[in-house]
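Here the structure comes first, spelled out in structure tokens, and everything after it is commentary.
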Amino acid sequence: VQLQASGGGWVQPGGSLRLSCEASGSIFSPNVMGWYRQAPGKQRESVAAITDCHVKMYADSVKGRFTISGDNTENTVYLQMNSLKPEDTAVYYCMMRGIQESWGQGTQVTVSS
């Protein structure tokens, strides 16, 4: 299974971006889909996740600003990011976990004026 993430870019503080991630390859219905991020010099951290029962979880730092959505039958997951802050700058990775765990290649999000 290969994951393809897209939608990153540069945005001013307060702006919005929408990340997308789509799986291709073997057919699989992930139990959990999520987004992680890694800023320079920092460890990768979980940003948001959604289960096959549509339970959603968010890091405290993004609650109220980011919204995760997805369809595990379509093997797609999205991250709507609003009210972006400079501290949201990072490489964002999507992840899907079922029988196996797969990661996307990462997409850069830069928030600056």
Side-chain angles (χ1 to χ4, degrees):
V1 176
Q2 293 184 329
L3 304 188
Q4 181 67 44
S6 61
W10 172 83
V11 65
Q12 292 185 333
S16 299
L17 286 173
R18 178 177 169 86
L19 305 183
S20 300
C21 180
E22 182 175 1
S24 61
S26 301
I27 298 173
F28 91 122
S29 295
N31 304 115
V32 179
M33 301 186 292
W35 289 93
Y36 288 71
R37 67 185 181 188
Q38 187 168 19
K42 295 187 177 181
Q43 291 188 329
R44 188 174 297 189
E45 63 176 356
S46 176
V47 175
I50 182 170
T51 73
D52 54 355
C53 297
H54 302 289
V55 174
K56 300 180 182 181
M57 296 160 280
Y58 297 95
D60 288 342
S61 59
V62 306
K63 282 180 181 177
R65 301 187 298 120
F66 291 10
T67 302
I68 189 170
S69 61
D71 186 336
N72 72 323
T73 63
E74 298 283 336
N75 295 337
T76 56
V77 63
Y78 306 96
L79 187 67
Q80 178 66 44
M81 304 185 294
N82 298 329
S83 302
L84 282 161
K85 304 175 180 180
E87 50 264 44
D88 295 318
T89 295
V91 177
Y92 284 70
Y93 299 88
C94 57
M95 182 279 298
M96 296 187 186
R97 183 186 306 129
I99 295 175
Q100 64 186 80
E101 184 174 286
S102 299
W103 290 80
Q105 83 286 5
T107 184
Q108 176 71 47
V109 172
T110 302
V111 185
S112 71
S113 54

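Partners of S102 according to the side-chain contact (heavy atoms from CB on, under 4.5 Å) rule, which considers only residues two or more places apart in sequence or in another chain, are V1, L3, Q100. Residues passing the side-chain contact (heavy atoms from CB on, under 4.5 Å) test with A49 are V32, M57, sequence neighbours excluded. Applying the side-chain contact (heavy atoms from CB on, under 4.5 Å) rule to V91 yields the partners Y93, Q108; only residues at least two apart in sequence or on another chain are considered. Qualifying side-chain contact (heavy atoms from CB on, under 4.5 Å) partners for E101, counting only residues two or more places apart in sequence or in other chains: M95, R97, W103.
Q105 contributes a side-chain N or O that, together with a main-chain N or O of A5, makes up a donor-acceptor pair within less than 3.5 Å. A side-chain donor-acceptor contact under 3.5 Å links T89 to the backbone of V111.
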Using atom types as modelled, flag every donor-acceptor pair under 3.5 Å from a side chain in residues 61-70 to any protein atom, sequence neighbours excluded.
| unit_1 | atom_1 | unit_2 | atom_2 | d |
| --- | --- | --- | --- | --- |
| S61 | OG | R37 | NH2 | 3.4 |
| K63 | NZ | D60 | OD1 | 3.1 |
| R65 | NH1 | S83 | O | 2.9 |
| R65 | NH1 | D88 | OD2 | 2.7 |
| R65 | NH2 | S61 | O | 2.8 |
| R65 | NH2 | D88 | OD1 | 3.0 |
| R65 | NH2 | D88 | OD2 | 3.4 |

Only pairs under 3.5 Å count here: list side-chain donor-acceptor contacts from residues 6-21, not counting sequence neighbours, and write none if there are none.
| unit_1 | atom_1 | unit_2 | atom_2 | d |
| --- | --- | --- | --- | --- |
| W10 | NE1 | S112 | O | 3.3 |
| W10 | NE1 | S112 | OG | 2.9 |
| S16 | OG | N82 | OD1 | 2.9 |

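Taking CD of Q4 as the start and OG1 of T107 as the end, the distance is 9.0 Å to the nearest 0.5 Å. Here the OH atom belonging to Y78 is positioned 11.5 Å from the CD1 atom belonging to I50, to the nearest 0.5 angstrom.
Across all non-hydrogen atoms, the minimal contact from M96 to V77 is CE-CG1, 3.9 Å. Closest non-hydrogen pair, D52 versus P30, comes out as CB-O, 3.9 Å.
Of the candidates Q43, R44, E45, R44 is the only one forming a side-chain contact (heavy atoms from CB on, under 4.5 Å) with Y36.
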